[in-house]
Amino acid sequence: MEFKGFWSDAGAPADLLTANAHFLSRLPSRVDGRVQGTTVSGTVVVEAGAVVEDCTLRGPVWIGPHATVRGSTLGPHVSVGPHARVSGATVSASLIDEFAHILHPSRPLRNAVVGRHAVISAPSDAGLQLVIGDRSVVRL
């Protein structure tokens, strides 16, 4: 994304998170989606088609079109991409890309960059399962 007053090549996760925080700091609040049973503070944008239920949103937070967020605490500095799903999670200073699923992780996510179609959930009885791509970082 290109906008005036800030430049970053955003080639590393920390750079992506810095650019995300900068972008979020410039947004005006707007709710075009459905928000129910949710506490909102700070700048929050909920795009058309998004559903937010039983959450705490601490802006700045951006929730993309057709994303679903339920029973979660988001913010500050969180972007949830289009069609992503977040349920039963605590997320701060993170970027969740389109179609990603964050489903009841056993620990809060902070400074996370979650790619397209990625899934983060609680460990199963089979133990920890990971699929790690090029240049990934995992801290367990």
Side-chain angles (χ1 to χ4, degrees):
M1 177 173 284
E2 186 177 322
F3 51 98
K4 295 181 183 200
F6 179 81
W7 181 90
S8 174
D9 70 0
D15 297 330
L16 285 171
L17 294 172
T18 298
N20 183 56
H22 183 78
F23 171 74
L24 291 172
S25 72
R26 305 239 186 259
L27 292 177
S29 288
R30 178 173 44 84
V31 175
D32 294 331
R34 186 177 77 191
V35 177
Q36 293 180 316
T38 295
T39 302
V40 176
S41 61
T43 302
V44 172
V45 175
V46 180
E47 298 288 359
V51 175
V52 179
E53 296 175 340
D54 303 320
C55 294
T56 299
L57 304 179
R58 296 182 190 119
V61 169
W62 178 80
I63 299 173
H66 307 288
T68 302
V69 182
R70 289 191 171 98
S72 297
T73 298
L74 302 184
H77 304 291
V78 174
S79 290
V80 178
H83 302 278
R85 183 174 161 207
V86 180
S87 185
T90 299
V91 182
S92 62
S94 296
L95 180 72
I96 300 166
D97 214 335
E98 61 187 6
F99 295 99
H101 288 183
I102 311 298
L103 307 173
H104 305 281
S106 59
R107 298 175 65 179
L109 298 179
R110 178 167 174 73
N111 297 322
V113 177
V114 182
R116 293 176 185 98
H117 298 276
V119 177
I120 296 177
S121 66
S124 69
D125 292 339
L128 187 63
Q129 299 170 334
L130 299 171
V131 176
I132 306 298
D134 295 346
R135 300 180 187 211
S136 294
V137 175
V138 175
R139 291 186 176 90
L140 300 173

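For the salt bridge (Lys or Arg N to Asp or Glu O under 4.0 Å) condition, no pair includes a residue of residues 119-129, sequence neighbours left out. Screening residues 114-123 for side-chain hydrogen bond (donor to acceptor under 3.5 Å, both in side chains) gives Glu98-Arg116 as the qualifying pairs, with residues at least two apart or on separate chains. Among residue pairs with one or both ends in residues 64-78, those qualifying as side-chain hydrogen bond (donor to acceptor under 3.5 Å, both in side chains) are Glu53-Arg70; sequence neighbours excluded. Listed by first and then second residue, the ring-ring contact (aromatic ring centres under 6.0 Å, His included) pairs involving residues 41-65 amount to none (not counting sequence neighbours). Pairs of residues two or more places apart, or lying in two chains, that qualify as side-chain hydrogen bond (donor to acceptor under 3.5 Å, both in side chains) and include a residue from residues 81-93 are Ser87-His104, Ser92-Arg110.
From Leu95, atom CG reaches atom CG of Leu17 across 6.5 Å, with rounding to the nearest 0.5 Å.
When all heavy atoms are compared, the tightest approach of Gly81 to Ala67 is O-CB, 3.6 Å. The shortest heavy-atom contact between Gly59 and Pro76 is O-CB, 3.6 Å.
For the pair Thr43 (side chain) and Pro60 (backbone), a donor-acceptor distance under 3.5 Å is absent.
Residues meeting the side chain to side chain donor-acceptor pair (under 3.5 Å) test with Asn20, sequence neighbours left out: Ser79. Partners of Asp54 under the salt bridge (charged side-chain N to carboxylate O under 4.0 Å, His left out) rule, at least two apart in sequence or in another chain, do not exist in this structure. Contacts of Ser124 classified as side chain to side chain contact (heavy atoms under 4.5 Å, CB included), with partners at least two apart in sequence or in another chain: Ala126, Gln129.
In the hydrophobic clustering (ILVMFWY side chains linked at under 4.5 Å, chained through shared members), Leu57 is joined by Val31, Val35, Val40, Val44, Val46, Val52, Val61, Ile63, Val69, Leu74, Val78, Val80, Val86, Val91, Ile96, Ile102, Leu109, Val114, Ile120.
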